[in-house]
Asks: 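I'd like to ask you about the structure that follows.
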Amino acid sequence: MSMSSLPGIVDSTISSPKGKELFSYLPSYYETSRVMQADMQSKGTEMDMLYQALYETLDQFFVRTATWGLDFWEQELGVETDRLKPVEQRRAVVESKLRGAGTFSGRLVANVAEAYAGGKVDVTFQPEAWSFTVSFVDTMGIPPNIDDLKRAIDELKPAHMAVEYEYRYLVWDDMDGKQVTWDELDAASLTWNELEVWA
C-alpha cells in the first residue's frame with residue numbers, strides 16, 4: 001500500500017532513489033513529516049551523487065567502459081594519448097595492447113585486429129615469403145583506425161615478417177545476390193566509395 005493511499009497521509013516529496021530507500025527504514029510515524037521527507041531528500045540526493053561517482057570510478061577499471069580513465073590505461077601501457085580520437089578507438093588501442101601479450105601467433109594477431117575492426121578477422125601465413133595476411137571478414141572497407149592497428153601489429157610481429165592487409169568491398173556477385181534493381185540503386189544516391197562498402 002502506498003503512502004498516498006492511506007487516509008491523512010500526504011504524497012511523498014522525495015524524488016531521490018536513495019532518499020526513498022532511507023525513508024523506508026524510518027518508523028511509520030514519520031510518514032507525514034515534511035521535515036523528515038526534506039531531510040531524507042537532501043541526504044538521498046547526496047548519496048545518489050556518491051553512488052554515481054563510485055559507479056563511474058568502477059567503470060574506469062575496465063577498458064570497455066573506461067572514459068576519463070583511458071589516460072591511465074594508455075600511460076601504463078605506453079600508448080600515446082590522443083584525445084582527438086573517439087573513445088571507442090582509444091579503447092580499441094588499449095584493448096589490443098592488452099591482448100598482444102604472449103607468443104606471436106595467428107590467433108594473437110587476430111585477437112588484436114578484431115579489437116580494432118570490431119568483427120571477425122582471418123590471418124593466413126605465407127612462410128615461404130616470410131609474411132602473413134590480415135583479412136577483414138566482417139568489416140566492409142577500411143576500418144577507421146587502421147593506422148593504430150598497423151602500429152599495434154608492427155609491435156607484435158617479428159621484424160623479419162612482412163604483413164599485408166586485405167579489405168572487403170562489395171563485388172558484383174554480392175550485388176546480384178541482393179537482387180537490387182538499378183532503379184533502387186539509383187534511388188539510394190550513393191557515391192562510388194559509399195557503394196563499395198554498402199551492406
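For this chain, numbers begin at 1 and follow the sequence in order. Any value given below was found using the heavy atoms of this structure, including those in side chains, with hydrogens, waters and symmetry copies removed.
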Asks: Between Arg168 and Asp138 (salt bridge meaning N to carboxylate O under 4.0 Å), is one present in this structure?
Replies: no
Asks: Output yes when a side-chain donor or acceptor of Glu74 lies under 3.5 Å from a complementary backbone atom of Val94, and no otherwise.
Replies: no
Asks: Between Leu50 and Ile14, is there a shared hydrophobic cluster once you connect ILVMFWY residues whose side-chain heavy atoms come closer than 4.5 Å?
Replies: no
Asks: Any idea which heavy atoms bring Ala115 and Ala92 closest together, and the distance?
Replies: O-CB, 3.3 Å
Asks: Can you list everything that forms a side chain to side chain contact (heavy atoms under 4.5 Å, CB included) with Tyr30? Sequence neighbours excluded, please.
Replies: Leu26, Pro27, Ser33, Met36
Asks: Connecting only ILVMFWY residues whose side-chain heavy atoms lie within less than 4.5 Å of each other, what is the rest of Val35's hydrophobic cluster?
Replies: none
Asks: Using a strict 4.0 Å threshold on nitrogen-to-oxygen distance, state whether Glu46 and Lys43 make a salt bridge.
Replies: no
Asks: Look only at the side chain of Arg91 and the backbone of Ala66, and say whether a donor-acceptor pair between them is shorter than 3.5 Å.
Replies: yes
Asks: Gly19 and Ser16: which non-hydrogen atoms are nearest, and at how many Å?
Replies: N-OG, 3.0 Å
Asks: Backbone N or O of Ser15 within a donor-acceptor pair of the Gln41 side chain at under 3.5 Å?
Replies: yes
Asks: Group every Ile, Leu, Val, Met, Phe, Trp and Tyr by side-chain heavy-atom contacts under 4.5 Å, then state whether Val137 and Ile142 land in the same group.
Replies: no
Asks: With a 4.5 Å cut-off on side-chain heavy-atom distances among I, L, V, M, F, W and Y, is there a chain of contacts connecting Tyr169 to Tyr165?
Replies: yes
Asks: In plain terms, say whether Lys20 and Asp48 are close enough for a salt bridge, that is, a side-chain N and a carboxylate O under 4.0 Å apart.
Replies: no
Asks: Once you round to the nearest 0.5 Å, how far does CD of Glu88 lie from CZ of Arg64?
Replies: 10.0 Å
Asks: Are side-chain heavy atoms of Arg90 and Thr81 found at a separation under 4.5 Å?
Replies: yes
Asks: Give me the other members of the hydrophobic cluster that Phe72 sits in, counting Ile, Leu, Val, Met, Phe, Trp and Tyr linked by side-chain heavy atoms under 4.5 Å, directly or via other members.
Replies: Trp68
Asks: Rounded to the nearest 0.5 Å, how far does CG of Leu70 lie from CG of Leu77?
Replies: 10.5 Å
Asks: Give me the atom names and distance for the closest heavy-atom approach of Gly119 to Glu114.
Replies: O-CG, 3.0 Å
Asks: Suppose clustering is done on Ile, Leu, Val, Met, Phe, Trp and Tyr with side-chain heavy atoms closer than 4.5 Å. Which residues sit in the same group as Leu58?
Replies: Phe61, Phe62
Asks: Atom CD of residue position Gln75 - does it have more than 12 heavy atoms of other residues, nucleotides or ligands inside 6.0 Å?
Replies: no
Asks: Could you give the side-chain donor-acceptor pairs of residues 121-134 under 3.5 Å, partners two or more places apart or in another chain?
Replies:
from   : atom 1 : to     : atom 2 : distance (Å)
Asp122 : OD1    : Lys120 : NZ     : 3.0
Thr124 : OG1    : Gln126 : NE2    : 3.4
Gln126 : OE1    : Ser131 : OG     : 3.1
Gln126 : OE1    : Thr133 : OG1    : 3.4
Gln126 : NE2    : Thr124 : O      : 3.4
Gln126 : NE2    : Thr133 : OG1    : 3.4

Asks: Cluster question for you: counting only ILVMFWY and a side-chain heavy-atom cut-off of under 4.5 Å, with indirect links fine, are Leu54 and Leu22 together?
Replies: no
Asks: Please check: side-chain N/O of Gln60 versus main-chain N/O of Thr67, any donor-acceptor pairing under 3.5 Å?
Replies: yes
Asks: For Asp154, give me all partners under side chain to side chain contact (heavy atoms under 4.5 Å, CB included), at least two apart in sequence or on another chain.
Replies: Lys157, Val163
Asks: Does one hydrophobic cluster hold both Met40 and Tyr29, with members joined at side-chain heavy-atom distances below 4.5 Å?
Replies: yes
